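Notes follow once the structure below has been shown.
Since we're looking at a predicted model, the values are computed, not measured.
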Amino acid sequence: MAAKYYGVIMVNVQGSELLIVNVKNLKTLEHVKKDINLGEDVYQDQPVKYDSVSRVSEAVTGFIQILNDYGVTNYKLFGSSALHQAFNSDFIADQLFLHTGMNIEWLSTNEETYFRNQNISLELAKNEADKNRTVFLVGITSGNTAITEFKNGQFVDSTSFALGPIKIAEDLQSLRETAPNSIGLLNDYIDSKLNDFYMGNPASVVSSQEPNKIILLGSLPLQRLVENYEHAKVGDAISAEQFAKLVDELVDASDQYLIERLQVERDYIPMVLPELLLTRRILRLANANELGFSDSGVVDGLVNQEAMEQGYAKHDFTPEIIKMALNLSEHYDVEPVHRDLVTKFSLHLFDQLKPLHKLGRRERVLLQVASILHDVGNYVGIHEHYLHSEYIILHSEIIGLSADDIRVIAAIARYHSSTTPNEDLIHFQHISAESRRLIAKLAAILRLADALDDDRQQKIKKISVSIKETKVVITVFSNANLAYENWIFNTKSHFFAEAYGYRAVLKQRGVKAK
């Protein structure tokens, strides 16, 4: 019975959380939270105190006992990106391992956004009111704000900012000591951080005549404050006007009023005004006339991911990763026809070569993203564009991908053209042996796919792949003269032989006129 259960333990700057679910139907068996405030240390550039780390270890140890009581053996420990930024995050990970025997998996900001969005995005697709308008999901954590746009129930784009209530609270305290109009200055400060809200056309939303909506994710203290102030039911949305009035009235509210009248917990008091101001500015920026709430969290997405990997969940959110990659390629003016054809060939080669590389769904996604982005470096310059591609990818946001995933994709783009890892040992030696093998296998595939359309003339529209005893035969269907493609293919196929131990051979077949 316990085999169908999966447990997620999440540690962040606000505390620890345990979620146990039945992966077959995603029904919750147990959900426990332990509040431990680590933000004051993390965001003041101080190491997390020993006592605080001990409290986290005790909480995780208690969660493991709960898992053992239920007989759950499949569980993992994750850490937030904010906590990973602590000076002593390695020490925290080591202490957790010593006390619990568990290795912590650090999530990137992009992964947290991806997992936090999952449940609510399914609801948006079903809700008729939200399905026919633009909705922005806003995830505010202690030190980060992520904004994701859905239009007509479909994912559009996502971006994040290193801006959260704790950081704002620190700056507010400083401003109050030096500036007469600290709130006005703080609003300007928040606006400056939100300037890149739209990577494409910042004016498109602000000037829109259609009213939009924002949904705050996982902001339970603020949700309770709003419900108590408005005497609203749990889960009720409020208008932007109501929220603006609330903010105006609470700007100078006393701590006693917040605690006694609005039932705000004392630990949350310093975050009230920063989160209110940040939310109000996002409402205005998004031209939103309505504010809703959702308790969808990172742990919900993590259990959905496990259910999907075990074959129980039907909903696959990887199309959001691909959409982000396509958005990025368009931002850097990548030529779409060549991009799409190379991606098509890469995925076909990956699927047909599975007996050789034995890689899975996740690695296929990494190859797909690398294929979409391999030419983004042309935006900087054609000469050694693959180096520019690597740099751009390393410094870009793609939700759903870890920092390691991004590094792998950037390396695949670096080696898709001429240089190979074995010729570039100084750059390649900092990568683990396992990742080196993966990069080599995927870069070799991308290099062959790119060679089939090296002149950007799309002479080849279709390929087939067959694996022989010592070689891989790639048959291309075309009536064009492929002398140039043969030469490029032969040049670029040497790396494939090194990575796979099989020689890649190009064979042409004509296409009959219909």
Side-chain angles (χ1 to χ4, degrees), residues 1-36 38 48 52-84 86 89-119 141 218 220 295-318 360-362 400-405 434:
M1 178 68 77
K4 66 180 181 181
Y5 292 115
Y6 175 64
V8 170
I9 300 174
M10 182 74 187
V11 179
N12 56 43
V13 295
Q14 295 170 318
S16 304
E17 183 177 4
L18 167 68
L19 178 62
I20 306 175
V21 300
N22 182 330
V23 289
K24 289 186 176 180
N25 54 27
L26 293 181
K27 288 186 177 180
T28 299
L29 179 67
E30 189 76 60
H31 194 185
V32 185
K33 292 183 179 181
K34 179 70 173 178
D35 293 334
I36 305 170
L38 308 178
V48 178
S52 298
V53 177
S54 295
R55 290 175 62 200
V56 172
S57 296
E58 289 174 7
V60 174
T61 300
F63 291 161
I64 294 174
Q65 184 59 54
I66 294 173
L67 289 160
N68 291 336
D69 291 343
Y70 280 109
V72 179
T73 57
N74 182 19
Y75 54 88
K76 292 181 181 179
L77 172 63
F78 297 91
S80 71
S81 59
L83 186 58
H84 194 199
S89 62
D90 288 343
F91 164 78
I92 294 170
D94 187 55
Q95 288 301 303
L96 286 172
F97 177 76
L98 289 174
H99 287 93
T100 68
M102 296 189 69
N103 287 308
I104 191 168
E105 295 184 29
W106 296 110
L107 297 176
S108 67
T109 300
N110 297 325
E111 287 178 298
E112 289 183 30
T113 301
Y114 175 75
F115 290 126
R116 190 184 294 112
N117 287 350
Q118 290 191 5
N119 283 355
T141 61
L220 189 57
D295 59 1
S296 180
V298 175
V299 292
D300 299 299
L302 287 167
V303 297
N304 179 79
Q305 183 79 9
E306 179 68 16
M308 187 176 67
E309 290 178 0
Q310 291 194 29
Y312 295 119
K314 298 178 181 179
H315 303 289
D316 182 3
F317 294 89
T318 52
R361 183 188 65 85
R362 185 65 177 177
L401 297 179
S402 68
D404 286 341
D405 291 337
E434 183 179 359

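Remark: the backbone N or O of Met102 is paired with a side-chain donor or acceptor of Thr100 at under 3.5 angstrom. Listed for the Gln310 side chain is no donor-acceptor partner under 3.5 Å among the backbone atoms of Ala307. Put simply, the side chain of Asp405 gets close to the backbone of Ser402: a donor and an acceptor are under 3.5 Å apart.
In this structure, CG on Leu26 lies 11.0 Å from CD on Glu306, to the nearest 0.5 angstrom. Interatomic distance, Ser16 OG to Leu96 CG, rounded to the nearest 0.5 Å: 8.0 Å. Going from atom NZ of Lys4 over to atom CG of Asn74 covers 14.0 Å, rounded to the nearest 0.5 Å. Here OH of Tyr75 is found 7.0 Å from CD1 of Ile9. Values are rounded to the nearest 0.5 Å.
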- request: Decide yes or no on side chain to side chain donor-acceptor pair (under 3.5 Å) for Thr113 and Asn110, but give the supporting numbers first.
  value: CA-CA 5 Å; Thr113 301; Asn110 297 325; 5.7 Å; no
task: Could you please spell out the steps behind the salt bridge (Lys or Arg N to Asp or Glu O under 4.0 Å) verdict for Asp300 and Arg116?
output: CA-CA 7 Å; Asp300 299 299; Arg116 190 184 294 112; over 6 Å; no
task: May I have the step-by-step check of side chain to side chain contact (heavy atoms under 4.5 Å, CB included) for Ile66 and Ile20, ending in yes or no?
output: CA-CA 10 Å; Ile66 294 173; Ile20 306 175; 4.2 Å; yes
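With hydrogens and angles left out, the side-chain atoms of Ser80 and Glu112 include no donor and acceptor closer than 3.5 Å.
Note on residues 56-66: pairs passing side-chain hydrogen bond (donor to acceptor under 3.5 Å, both in side chains), not counting sequence neighbours, are Gln65-Asp69.
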